[in-house]
Amino acid sequence: MQTDIDPRSLIGRKAFDRQGAKIGTVDEVYLDDATGVPEWAAVRTGLFTRDAFVPLEPSEFVDGTLVIPFERSLIKDAPDFGVGRHLSPEQELQLYRHYGLDASPSGGKGPDRDFGRLAGHEE
């Protein structure tokens with residue numbers, strides 16, 4: 001994903017799966033603690049307003065929308081940790097596994113790294 005995008009500008013944007021089906025609206029953006037790069041988004045889905053965490057890499061910001069390169073069913077089945085709180089390393093590793101993404105130290109996502117600071121919040 002483009003790293004020059006202000007993560008706050010993603011909030012309120014529509015999110016779509018790889019087939020173009022609407023998933024919901026971006027509710028929160030989570031930054032990597034070490035780099036400050038946007039890493040995860042919580043997308044509010046459906047009538048019951050559940051938030052699904054989605055990876056911002058390899059997602060794309062296209063024409064004002066977030067396009068997530070996964071199936072809608074996989075996104076909706078993502079672990080739900082609630083929004084507005086820091087993601088723990090264990091929670092983030094669960095998300096990496098859920099999406100089949102590399103969470104190894106060589107992938108830069110090792111267990112000794114800080115994870116999931118909420119955009120716009122200082123800790």
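- Ring-centre distance between Trp40 and Phe81: not below the 6.0 Å cut-off.
- Nearest heavy-atom pair across Val29 and Pro38 is CG1-CB, 4.0 Å.
- With His98 contributing its side chain and Leu74 its backbone, the two residues share a donor-acceptor pair below 3.5 Å.
- The CD atom of Gln94 sits 10.0 Å away from atom CG of Leu87, with the distance rounded to the nearest 0.5 Å.
- The minimum heavy-atom distance between Phe53 and Ala42, with the atom names listed, is CE2-CB, 4.2 Å.
- A donor-acceptor pair is defined here as one N or O able to donate and one able to accept, closer than 3.5 Å; no such pair exists between the side chain of Glu92 and the backbone of Pro89.
- Salt bridge Arg44/Asp27: present, at least one basic N to carboxylate O contact under 4.0 Å.
- Following chains of ILVMFWY side-chain contacts shorter than 4.5 Å, one can reach Ile23 starting from Leu66, so the two form part of one hydrophobic cluster.
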Worksheet entry | Derivation and outcome, side chain to side chain contact (heavy atoms under 4.5 Å, CB included), residues Arg72 and Gln19 | CA-CA 8 Å; Arg72 182 178 185 171; Gln19 303 296 326; over 6 Å; no
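- Atom CZ of Arg13 sits about 10.5 Å away from atom CG of Asp63, to the nearest 0.5 Å.
- Taking the ring pair (Phe, Tyr, Trp, His ring centres under 6.0 Å) definition, one finds that Phe70 meets it with Tyr99, sequence neighbours left out.
- When atom types are taken as modelled, the side chain of Thr45 and the backbone of Arg50 share a donor-acceptor pair closer than 3.5 angstrom.
- By the rule that hydrophobic residues join a cluster once side-chain heavy atoms approach within less than 4.5 Å of another member, Val83 and Ile68 end up as members of one cluster.
- The closest side-chain heavy-atom distance from Pro55 to Leu101 is below 4.5 Å.
- Side-chain heavy atoms closer than 4.5 Å link hydrophobic residues (I, L, V, M, F, W, Y) into clusters, and following such links, even through other members, never connects Phe61 to Val67.
- Between Leu56 and the options Val26, Leu31, Leu10, a side-chain contact (heavy atoms from CB on, under 4.5 Å) holds for only Leu10.
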Worksheet item: Run the side chain to side chain contact (heavy atoms under 4.5 Å, CB included) check on Val54 and Leu95 step by step: do they pass?
Response: CA-CA 8 Å; Val54 298; Leu95 289 169; over 6 Å; no
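- Of all the heavy atoms in Tyr96 and Glu39, the pair that sits closest is OH-OE2, 2.6 Å.
- Side-chain contact check for Ile75 versus Asp17: some heavy-atom pair is nearer than 4.5 Å.
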